[in-house]
Every structure is written in structure tokens, then in C-alpha cells.
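All ligand and atom numbering here is 1-based and tracks the order in the structure. Nothing here was measured: the structure is a model prediction, and the numbers come from that model.
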Amino acid sequence: MTSSATTRSLTGITTTGTPHLGNYVGAIRPAVRASRQPQVENFYFLADFHALIKCDDPERIQRSTLEIAASWLAAGLDPAKVTFYRQSDIPEIPELTWLLTCVTGKGILNRAHAYKAALDKNEAAGQDPDFEVTAGLFMYPVLMAADILMFKAHRVPVGRDQVQHLEMARDIAQRFNHLYGERLVLPEAVVDDNVALLPGLDGRKMSKSYDNTIALFSPREQLRKQIMGIVTDSRAPGEPKETEGSALFSIYRAFANQAESASFAKAFADGISWGDAKQQLFERIDHEIGPMRERYQHLISHPAEVEEILQAGAEKARAMAIPFMAELRTAVGLRALGAKAASTRSKEQSKGSVAQFKQYREKDGRFYFKLTDASGQVLIQSKGFDSPQEAGQAVKRLQSEGSAALADLQEVFEPSTNVKTEAIYEVLERAFREKNV
Ligand code: TRP
């Protein structure tokens, strides 16, 4: 529904922790580069509502918000060119979260990886499955969908672990649109496989949870010390070194151009000592990060400047969120009592009950079901089941979860069933809402 020709890109950064080199190489640097592209409208925000799901230490939330904002700004993000804001400054986001919550099947959320992982962990530990699982964790994907849908983002650059959340955001948007008219833009995940995955001090992926990170903006001497702590093998000076599998080399490559990497590889083959290799790595990183460090330190010691930047960002963001939220409130029926209903329901939707499921047994002795629309056209044709109960279960899932169940059930459909067709969504969404199929 956006009328502009530009693409809108949006991404959020959860405000727990202090940015490390892995965050810089994997997220901050590519985002800052992308933010300089023309024809793309960029939204970056500090996901502090999301941070509350993982962290109940107020000082830490505040400190991390400052550090992350300062890091992005120091790394070159230009708040005049992008919309840079803090999630909790936009009250329309939790408001939209509620509207979306009311159209989200609980079954979709049950299948979210992060939530399932928490249950699995409890089960493995012999705990109650819901032990220490908050409703916040369960609702995480809905809040994230609101972040994205609020600003009609087309593209959402994320790590691979977030792809399922984007699929959920699309599902939720689709359901909302079917109920209330085409209002939400279906976003797409953008996963950049070329972005370097940085190893940490111990050679595993650099990650806070492995405690193997190198801070992005520690003082120069501390950066040097941390780099000296990268694990290497025990080869002596003069012995040729392997670049393959070397954390030291991988980190270097993430900061160097091809020619520099090639000459570093040659130094490895020629038997450079690990001490010298680490010194070179330190210098290469410091060459890139050093000039940003001063600005970072300035911002950290002047939080009011960062606050002002975020407030200006929030104002820009709310200039879009406020009118859009008003439109959505009206659409769902939260409106002045004298106001006329500007119905956007399609004719198709306002007709009576039309579609139906049929369960039957074929001559082959097996049990089938099909879903037909008003005109009797078959939308979904199942394969044969061994028992009527199995066929019934599949039908029940479609009735109780709507189109969210389609992907899971795909194997029990005949190949002639194209689960992506609009007609199927339309019918299942109505069934889900109105229980009339
Ligand atoms: N869940 C994301 C992460 O952990 C952070 C996030 C919150 C986000 N809301 C978002 C990312 C909206 C993209 C769009 O990385």
C-alpha cells in the first residue's frame, strides 16, 4: 500500500549487552554501508521492549541502550539520512502489538523456535515445561511483527535465526489484511550470507553467550590485550602457519581488503610468529575502529546528546506511526461512536458461509478430506489417510489454526493443491475467525 517508489528497510537491535567486534562486522558495518544507498529508506531502532524479555536489570538496559546507540552513531550512521529511534518512545508499537495479538493464532506462537527451545530445555532438565518462561517470551514474535508492520517495511535485514520471526510477521499481516482490508505491507527477510561470521577469542563464533568476545570500543590498550588473547596453535616462530581454521586469520580478513589478506596469508606461510601476527591484526583493526573511538567516548560521556538524537528520531517515526495507527484503529472498529464504518471488507468476505470441508472414504478403503469453495471448486485435496481420525485431525487443525497450519500440512495434500493460493487463505481465515466452515 505504500505509494512511494523507494524501498523501506527496517531493523532492530536488542539493547542487552555491549557491542563487540562480531556485532560490528555482522550488523553495524553492513547496516551503516547500506544506509548510504540511495532509493532505500532506512529505519534502525533500539529494541528495548524486546530487551526486557531477556533482562530485568534496569541499569543494564539503560547502559546498553546508550552504548548501542553511541556505537551505531560512532560507526557512521547518519540520523539525518535515516530514521533512528528507540522502540519504547513509540507508544503506537505496543498498541499495534495488541491488535496483532488478537489475530494471531496461539498455535503459531507455540511453534516459535525460541519458545520451543525454552520448553525443551526445561523438559531436558526435568522441570515443568513452563518453568521461568514468561508470556513476554511467548509474545516476542508479535511485538517484532508490530515493529515491522508499523512502518510498512518491505525488507528486514536479519540474521538467519530471525527468519522464522519474519515468516510469522507475514502470516500475522496476512491474517490482519484478510480481516480488515489490505493495510499492512508483507515484509521480507533479507539474510546476507556474505557478511563475515566472526570467530571469537576461542575460535567459536563470537558471541556473548560463549564469553569469547572482543569489545568494539574498549580503549586501545585493552583492545591490544584482548587480541593477544586469541587462541592459536603451538607452532613456533619460523614454522609455517595454517590460515584455514585460524581465528586470527578470519578476523583479519573481516577487516582487510583482498590484497592485504593475501599478504597476511603469505606471512603465515613464511612462518610469522603468533605474536607478530597478533600485533598486525591489532593494527589493522585499530586502523578502522580507532577514528570512531573518539566519537564513541564523547557520546558515552554526553548521554544527553544521544538522547536528543533519539528524541528527534522518535518524532520522525511517530509522524508515520500516529496517523497509521489511527487508520488501523478505525479499521478494526475502535472509533468514534458516530463515525460511519468505512468498510473495506471485500464482497467475498461479506457473503454468507460458503466453503466446506468434506470427509469421505474412497473405494481404495482410505479416508480423505477436501475443502471446496462456494462454487464447489476444490481448494484443498488430501491424500488418503489410514483412519478417519487422522483425516479428522488434519481438518481440525485447519479449522482451529487457519492458514497458519498450511505449511505443516503440506505433505498430506495432493500435489495439485497449491497452498499459496489466495482463495485458500481467504476461506481458511474466515473459518478461523467465524468458525463457519
Ligand atoms: N529479534 C531481533 C534480534 O534478536 C531484534 C528485533 C526486534 C528486530 N524487533 C525487530 C529485528 C524488528 C528486525 C526487525 O536480532
Side-chain angles (χ1 to χ4, degrees), residues 7-20 22-32 34-35 40-55 61 64-65 68-69 71-72 77 82-97 100-101 104 109 112-118 134 136-173 184-192 195 197-198 205-209 213 313-314 317 320-321:
T7 302
R8 239 184 225 181
S9 170
L10 172 145
T11 200
I13 314 109
T14 308
T15 52
T16 46
T18 299
H20 53 68
N23 300 137
Y24 174 75
V25 165
I28 303 175
R29 188 174 64 187
V32 170
S35 75
V40 182
E41 238 183 298
N42 286 288
F43 290 68
Y44 301 98
F45 71 95
L46 304 159
D48 56 349
F49 280 141
H50 278 98
L52 294 180
I53 295 169
K54 298 183 197 159
C55 174
I61 297 277
S64 170
T65 304
I68 293 177
S71 297
W72 282 68
L77 192 73
V82 305
T83 308
F84 184 51
Y85 57 100
R86 171 168 51 197
Q87 185 184 31
S88 66
D89 284 333
I90 319 294
E92 291 72 25
I93 291 174
E95 199 175 348
L96 177 56
T97 301
L100 300 179
T101 300
T104 301
L109 299 179
H113 298 321
Y115 170 71
K116 273 208 317 212
T134 65
L137 177 67
F138 188 65
M139 292 296 297
Y140 188 112
V142 188
L143 177 58
M144 181 159 161
D147 292 333
I148 298 166
L149 302 174
M150 184 87 259
F151 296 102
K152 303 180 182 177
H154 306 103
R155 296 159 63 85
V156 181
V158 283
R160 201 160 275 297
D161 62 325
Q162 297 293 313
V163 169
Q164 189 196 31
H165 289 148
L166 264 292
E167 280 163 9
M168 292 175 155
R170 288 174 67 90
D171 272 357
I172 294 169
L184 303 176
V185 171
L186 302 193
E188 244 169 71
V190 181
V191 179
D192 185 352
V195 154
L197 250 194
L198 216 63
K205 176 187 170 220
M206 189 179 289
S207 159
K208 205 174 51 169
S209 40
T213 62
M320 295 172 237

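Remark: ligand 1 atoms within the under-4.0 Å shell around heavy atoms of Phe45 are 9 (N), 10 (C), 12 (C). Heavy-atom contacts of Val156 reach the following atoms of ligand 1: 13 (C), 14 (C) (cutoff under 4.0 Å). Residue-ligand proximity, Thr11 to ligand 1, at heavy-atom distances under 4.0 Å covers atoms 11 (C), 13 (C). Contact atoms of ligand 1 toward Asp147: 7 (C), 9 (N), 10 (C), 12 (C) (distance under 4.0 Å to a heavy atom of the residue). Listed by number with element, the atoms of ligand 1 under 4.0 angstrom from any heavy atom of Gly12 are 5 (C), 6 (C), 8 (C), 11 (C), 13 (C), 14 (C). Listed by number with element, the atoms of ligand 1 under 4.0 Å from a non-hydrogen atom of Leu10 are 14 (C).
Side-chain contact between Val190 and Thr11: absent, with no pair of heavy atoms (C-beta onward) separated by less than 4.5 Å. No side-chain heavy atom of Ile13 sits under 4.5 Å from any side-chain heavy atom of Asn23. At least one side-chain heavy atom of Arg170 sits under 4.5 Å from a side-chain heavy atom of Glu188. Here the side chains of Phe151 and Phe45 are not in contact, with every heavy-atom distance at 4.5 Å or above. Met150 places none of its side-chain heavy atoms less than 4.5 Å from the side chain of Phe43.
Some N or O of Gln162 is nearer than 3.5 Å to an N or O of ligand 1, by distance alone. For a threshold of 3.5 Å applied to N or O pairs, the pair formed by Tyr140 and ligand 1 contains at least one separation below that value.
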Carefully, step by step, assess Ser209 and Ser207 under the rule side chain to side chain donor-acceptor pair (under 3.5 Å).
CA-CA 5 Å; Ser209 40; Ser207 159; 2.8 Å; yes
Residues Thr15, Asp48; criterion side chain to side chain donor-acceptor pair (under 3.5 Å); working and verdict:
CA-CA 5 Å; Thr15 52; Asp48 56 349; 5.5 Å; no
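Note: Tyr115 and Phe138 have perpendicular aromatic rings, judged against thresholds of 30 and 60 degrees for the angle between ring planes.
The proximity of Tyr44 to ligand 1, defined as any non-hydrogen pair under 4.0 Å, does not occur for either the backbone or the side chain. By the criterion of a heavy-atom distance under 4.0 Å, neither the backbone nor the side chain of His165 is placed next to ligand 1. Counting heavy atoms under 4.0 Å from ligand 1, residue Asp161 does not touch it at all.
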